[in-house]
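For reference, the structure is listed below as structure tokens.
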Amino acid sequence: MLVDPPLCPGPRRALSSSPMKVSSSPKPPADVDADTVAIGIFESAGAPEGLPAAAAELIASGEARGSAGALALAHADGRRWLLVGLGKREKWTPEGARVAAATAAGRLRELSTAKLCWALPEGAGEDVAEALVEGTLLSLYRFEGFKSARAEDEPPGEPSELTIACPPELDGAVARAALIATRVNRARDLQNRPGNDLTPTSLGEYAQRLAEEIPGLTASVEGREALRERGMGAFSAVAQGSAQEPALITLRYEGPGAAGPTIGFVGKAVTFDSGGISLKPGAKMAEMKFDMSGGAAALEATAAIAQLELPLRLVTVIGATENLPSGSAVKPGDIVMASNGRTIEVNNTDAEGRLVLADCLVHSVSEGAERIVDLATLTGAVIIALGSTYAGVMSNDDDLFARIESAGAQTGEIVWRLPLHEEYDALIKGKYADLDNAPEGRKAGTIVGGAFLSNFVGDVPWAHVDIAGSAWDLGRAYVGKGASGYGVRLLVELARGFAG
Ligand code: BES
Ligand code: MN
Ligand code: ZN
């Protein structure tokens with residue numbers, strides 16, 4: 001009897017490095033149970049207090065410098081002291097702390113450090129304590145589950161414990177940052193998993209597992225039939241070319257003492273985007289396994305919010321499907337109808353994200369969302385416009401945009417607003433239907449995507465975050481190549497703002 005081989009060999013071992021144990025301690029770093037203490041030093045400032053003589057001497061002699069990125073190592077009191085240059089005190093930001101933590105972590109990995117203690121610089125607050133945790137956990141992330149054996153050039157050990165030496169009033173911030181950074185790394189796992197492993201169905205199963213594990217969180221997953229019954233002709237059109245069942249994933253969370261507007265997260269989760277009949281060129285097509293990054297961020301942020309028991313109501317909608325060419329695939333010129341009755345000419349099957357999101361946004365509104373944020377790797381054009389530095393945001397609401405902008409400034413996931421305007425609406429008017437999913441010419445590619453989506457939210461305050469430039473190869477010290485988990489921390493921070 002012939003047996004179908006499994007779709008994917010599956011991971012050979014743990015998908016990513018095991019999560020670090022993170023704690024905080026009011027003790028001086030010298031008394032914390034650690035083999036290495038990392039201490040930041042500012043440029044042209046004296047040595048921080050509590051340093052052993054051997055470390056203070058490195059500063060006095062100039063071997064340990066305060067310029068950003070400088071590292072020097074001393075041995076004293078039976079442990080290593082890693083002196084980490086932070087740059088000028090006046091110019092120092094939480095982002096600088098993330099970078100410093102990543103620089104230190106890289107060195108610590110070489111040194112086979114097992115237990116690390118970071119001394120919080122004098123006078124630093126919650127945001128820096130959080131940033132040190134984030135920078136450490138995010139930079140130590142590796143995805144290696146599909147490699148049969150450890151590579152020879154990999155260091156033998158991984159730091160397994162991190163203690164932040166800080167005043168006790170920062171304990172909560174440290175624990176929260178550890179929880180959130182761990183969820184960012186889980187989003188990176190989802191992003192990194194290949195399309196034959198992370199199918200829409202397996203993403204749905206993962207969401208259901210999260211809902212089983214986390215109190216207050218529920219999930220429903222619906223397939224092809226349900227999409228048709230719901231009249232989701234746009235989402236269905238993308239899914240019809242693939243043998244894989246699509247998944248409409250709806251998560252709900254209601255926190256204790258929930259108040260304020262119901263927040264709606266919406267995520268694009270195209271588990272592989274070949275372009276469909278409008279096939280993409282072969283170069284770098286493999287990267288399109290990351291086209292589910294918006295969905296991964298929305299999902300993990302939702303899990304983090306539920307774990308933190310934030311007092312708010314949240315509904316998260318994730319549209320998962322493959323975009324493939326086949327005899328049953330949607331064709332250029334086809335006309336489809338979204339669940340709000342708008343008709344769409346599919347002039348380019350590679351502009352599939354907006355088709356999936358159209359129905360997901362309508363669904364989010366009908367599920368009661370009163371402020372909607374969608375995250376999507378929607379356009380290559382946003383990479384041209386903003387690179388990986390800023391994500392592009394389009395919004396119909398100034399207050400919601402301002403909240404996203406300030407959340408992003410806090411987490412380092414900075415955003416730049418792009419305009420909506422009637423003239424852009426004119427560009428997406430269809431010739432034979434209400435809307436055109438991909439107008440000819442390449443004017444304002446990112447904005448046109450946002451303008452298209454604005455047709456599916458009615459009057460609800462909404463913002464669209466185009467993360468095509470930031471979801472992978474972000475190029476930061478703490479998230480360099482590959483999946484970045486972009487958006488998880490941003491959405492959690494935004495939700496914390498709404499939770500008051
Ligand atoms: N997933 C892509 C966007 C993308 C491209 C993300 C490159 C990351 C890197 C999206 O589905 C897409 O193909 N968009 C098209 C839209 C166009 C056909 C209107 C694009 O950007 O080329
Ligand atoms: Mn596409
Ligand atoms: Zn896509």
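From a predicted model like this one, the values you see are computed outputs, not experimental measurements.
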Decide yes or no on salt bridge (charged side-chain N to carboxylate O under 4.0 Å, His left out) for Asp399 and Arg403, but give the supporting numbers first. CA-CA 6 Å; Asp399 174 67; Arg403 286 170 178 272; 3.2 Å; yes
To the nearest 0.5 angstrom, please state how far the CD1 atom of Ile428 sits from the CD1 atom of Ile447. 11.5 Å
Could you check Arg188 against Glu300 for salt bridge (charged side-chain N to carboxylate O under 4.0 Å, His left out), going step by step and ending with a plain yes or no? CA-CA 10 Å; Arg188 295 164 88 185; Glu300 296 296 347; over 6 Å; no
Flag, side chain of Ser202 to backbone of Asp197, donor-acceptor distance under 3.5 Å: yes
Under a 3.5 Å threshold, yes or no: a donor from one side chain and an acceptor from the other, between Gln191 and Tyr486? no
Check the pair Glu144 / Lys147 against salt bridge (charged side-chain N to carboxylate O under 4.0 Å, His left out), numbers first and verdict last. CA-CA 6 Å; Glu144 51 192 17; Lys147 289 184 176 159; over 6 Å; no
Ignoring hydrogens and angles, state whether a donor on the side chain of Asn192 or Tyr141 is under 3.5 Å from an acceptor on the partner side chain. yes
Once side-chain hydrogen bond (donor to acceptor under 3.5 Å, both in side chains) is applied, do any residues pair with Ser454, and if so which ones, sequence neighbours excluded? none
Would you confirm whether Asp466, through its side chain, and Gly392, through its main-chain N or O, come within 3.5 Å as a donor-acceptor pair? no
Donor-acceptor contact below 3.5 Å, side chain Ser484 vs main chain Val479: no
May I have the step-by-step check of side-chain contact (heavy atoms from CB on, under 4.5 Å) for Ile263 and Arg313, ending in yes or no? CA-CA 6 Å; Ile263 309 300; Arg313 280 182 202 87; over 6 Å; no
With no hydrogens and no angle check, just 3.5 Å: does a side-chain donor-acceptor pair link Trp462 and Asp397? no
What residue among Leu355, Asp434, Asn455 forms side chain to side chain contact (heavy atoms under 4.5 Å, CB included) with Ile344? Leu355
Using atom types as modelled and distance alone, determine if a side-chain donor or acceptor of Asn396 lies under 3.5 Å from a backbone N or O of Val460. yes
Looking at residues at least two apart in the chain, or sitting in another chain, which of them share a side-chain contact (heavy atoms from CB on, under 4.5 Å) with Pro256? Tyr253, Glu309
So, for Ser274 and Leu279, which heavy atoms are closest and what is the spacing to 0.1 Å? O-CD1, 3.5 Å
Quiz question: by atom type and distance under 3.5 Å, do the side chains of Thr199 and Thr201 form a donor-acceptor pair? no
Kindly indicate, with the supporting measurements, whether the criterion side-chain contact (heavy atoms from CB on, under 4.5 Å) is fulfilled by Val184 and Arg489. CA-CA 7 Å; Val184 176; Arg489 291 181 301 117; 3.5 Å; yes
Salt-bridge present (Glu134, Arg98; N to O < 4.0 Å): yes
Does one side chain, of His363 or Thr250, offer a donor that lies under 3.5 Å from an acceptor on the other? yes
Pair Gln240-Arg224, side-chain donor/acceptor within less than 3.5 Å: no
Test your reading of the model: is there a side-chain donor-acceptor pair from Asn437 to the backbone of Asn347, 3.5 Å cut-off? yes
Measure from the side-chain N and O atoms of Glu222 to the backbone N and O of Leu248, and report whether any donor-acceptor pair falls under 3.5 Å. no
Show the nearest heavy-atom pair for residues Ala495 and Leu312, with the distance to one decimal. O-CD2, 3.3 Å
For residues 343-364, which residue pairs pass the salt bridge (Lys or Arg N to Asp or Glu O under 4.0 Å) check, not counting sequence neighbours? Lys268-Glu352, Lys280-Asp350
Going through the checks in order, is the side-chain contact (heavy atoms from CB on, under 4.5 Å) test met by Val330 and Ile277? CA-CA 7 Å; Val330 67; Ile277 298 293; over 6 Å; no
Tell me whether Glu367 at atom CD has more than 12 heavy atoms from other residues, nucleotides or ligands lying less than 6.0 Å away. yes
Option among Val465, Thr446, Leu453 that satisfies the side chain to side chain contact (heavy atoms under 4.5 Å, CB included) test with Leu378: Leu453
Looking at Asp273, Thr349, Asp291, which one forms a side chain to side chain donor-acceptor pair (under 3.5 Å) with Asn323? Asp273
Taking Phe456's backbone N and O only, do any of them form a donor-acceptor pair with Asn340's side chain (distance below 3.5 Å, no angle check)? no
Let me see the working for Thr411 and Glu413 under side-chain hydrogen bond (donor to acceptor under 3.5 Å, both in side chains), right down to the final yes or no. CA-CA 5 Å; Thr411 65; Glu413 294 155 296; 2.6 Å; yes
Would you say Ser364's side chain and Cys360's backbone share a donor-acceptor pair under 3.5 angstrom? no
Derivation and outcome, side-chain contact (heavy atoms from CB on, under 4.5 Å), residues Asp398 and Arg417: CA-CA 10 Å; Asp398 292 345; Arg417 191 172 186 176; 3.0 Å; yes
